[in-house]
Amino acid sequence: MVTIDEELDKAVQGAFTRPIPKSAGAQMRYLVRQHQGSTRRVAELLGISQRTVERYVKDQIKKPRPALADRLEREVRVRWQPQVRARAKQAAATTGGIMIDVQARFGYTAAPDSTDDARVRHLTLALPPGHAARLFQAQEAGLTDDQLRQIAAEALGEVYFRDSGRRAHGLEVELTDLLDLEFEL
């Protein structure tokens, strides 16, 4: 299932100026540096022994199990280039906004007997900086994916379905059956 949190992270990662380290040893060394040289904290983070971390750091082990490789890459990606990440979020939240490409079933609370039955729509549109800022703030606050989904639905409702407040004032948009979602800065 597509999560809004992961897609927001992917959008920010598009601003990276350097690729993340490729080898398991380089990734492990990076995590150890990020944790002030503590192999114990990295071991707890990844769910492996401290000795295993030390062996990766010294390149005594080269190829991790697939599950560990995924966790390792995810943890490195989350911490990679924090200043670039912060600048990209700041730019999206203040000047640039964010592009959203979504395919989902949209439901409505509208007048009885209206033709606004829920149906699948594919939308690609620019969310203004205010909506981008709200999404990033909610993500940083640790809101659940359902809460992030509601914020995205409100943003889509405001920008697309209500044309920034110019039409359909009583329309409530609900994002259900999220089929595909992609953000781009």
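Since the model is a prediction, treat every value here as computed from it, not as a measurement.
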Listing, residues 128-139 side-chain donor-acceptor contacts under 3.5 Å, not counting sequence neighbours, or none:
residue	atom	partner	partner atom	Å
Arg134	NH1	Glu154	OE1	2.9
Arg134	NH2	Glu154	OE1	2.8
Gln139	NE2	Asp5	O	3.2
Gln139	NE2	Asp5	OD1	2.6
Gln139	NE2	Asp9	OD1	3.1

Would you tabulate the side-chain donor-acceptor contacts of residues 14-23 under 3.5 Å, counting partners in other chains and residues two or more places apart, or write 'none'?
residue	atom	partner	partner atom	Å
Thr17	OG1	Gln81	NE2	2.8
Ser23	OG	Ala26	N	3.1

Please tabulate, for side-chain N and O atoms in residues 42-52, each donor-acceptor pair with protein atoms closer than 3.5 Å (sequence neighbours left out).
residue	atom	partner	partner atom	Å
Ser49	OG	Thr52	N	3.1
Ser49	OG	Thr52	OG1	2.7
Gln50	NE2	Thr39	OG1	2.9

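In the hydrophobic clustering of this structure, Leu123 groups with Leu127; members are Ile, Leu, Val, Met, Phe, Trp, Tyr whose side-chain heavy atoms approach within less than 4.5 Å, directly or through other members. Val12 and Val84 fall into different hydrophobic clusters, where Ile, Leu, Val, Met, Phe, Trp and Tyr are joined by side-chain heavy atoms under 4.5 Å apart, directly or via other members.
Using a 4.5 Å heavy-atom threshold, the side chains of Leu148 and Thr3 count as separate. Looking only at side-chain heavy atoms (C-beta outward), Val102 and Leu156 come within less than 4.5 Å of each other. Under the 4.5 Å side-chain criterion, counting only non-hydrogen atoms from C-beta, Tyr56 is in contact with Leu68.
Residues satisfying the salt bridge (charged side-chain N to carboxylate O under 4.0 Å, His left out) test with Arg77, not counting sequence neighbours, are Glu73. The side-chain contact (heavy atoms from CB on, under 4.5 Å) check on Thr94 picks up Gln90, with sequence neighbours excluded. By the side chain to side chain donor-acceptor pair (under 3.5 Å) test, Gln147 pairs with Thr144, sequence neighbours left out. Residues meeting the side chain to side chain donor-acceptor pair (under 3.5 Å) test with Arg79, sequence neighbours left out: Glu75. Listed by chain and residue number, Asp59 satisfy the salt bridge (charged side-chain N to carboxylate O under 4.0 Å, His left out) test with Arg29 (two or more places apart in sequence, or in another chain). By the side chain to side chain donor-acceptor pair (under 3.5 Å) test, Lys58 pairs with no residue at all, sequence neighbours left out. Here Arg41 pairs with Gln36 under the side chain to side chain donor-acceptor pair (under 3.5 Å) rule; sequence neighbours left out.
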Candidate pair Met99 and Leu125, rule side-chain contact (heavy atoms from CB on, under 4.5 Å), full reasoning:
CA-CA 6 Å; Met99 288 295 293; Leu125 62 138; 5.8 Å; no
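Within the structure, no pair that satisfies the side chain to side chain donor-acceptor pair (under 3.5 Å) test touches residues 60-72, not counting sequence neighbours.
Asp145 places a side-chain N or O within 3.5 Å of a backbone atom of Ile4 that can act as its donor or acceptor partner.
Between atom CG of residue Leu8 and atom CD1 of residue Ile98 there is a gap of 5.5 Å, rounded to the nearest 0.5 Å. Taking CZ of Arg40 as the start and CD of Glu54 as the end, the distance is 9.5 Å to the nearest 0.5 Å.
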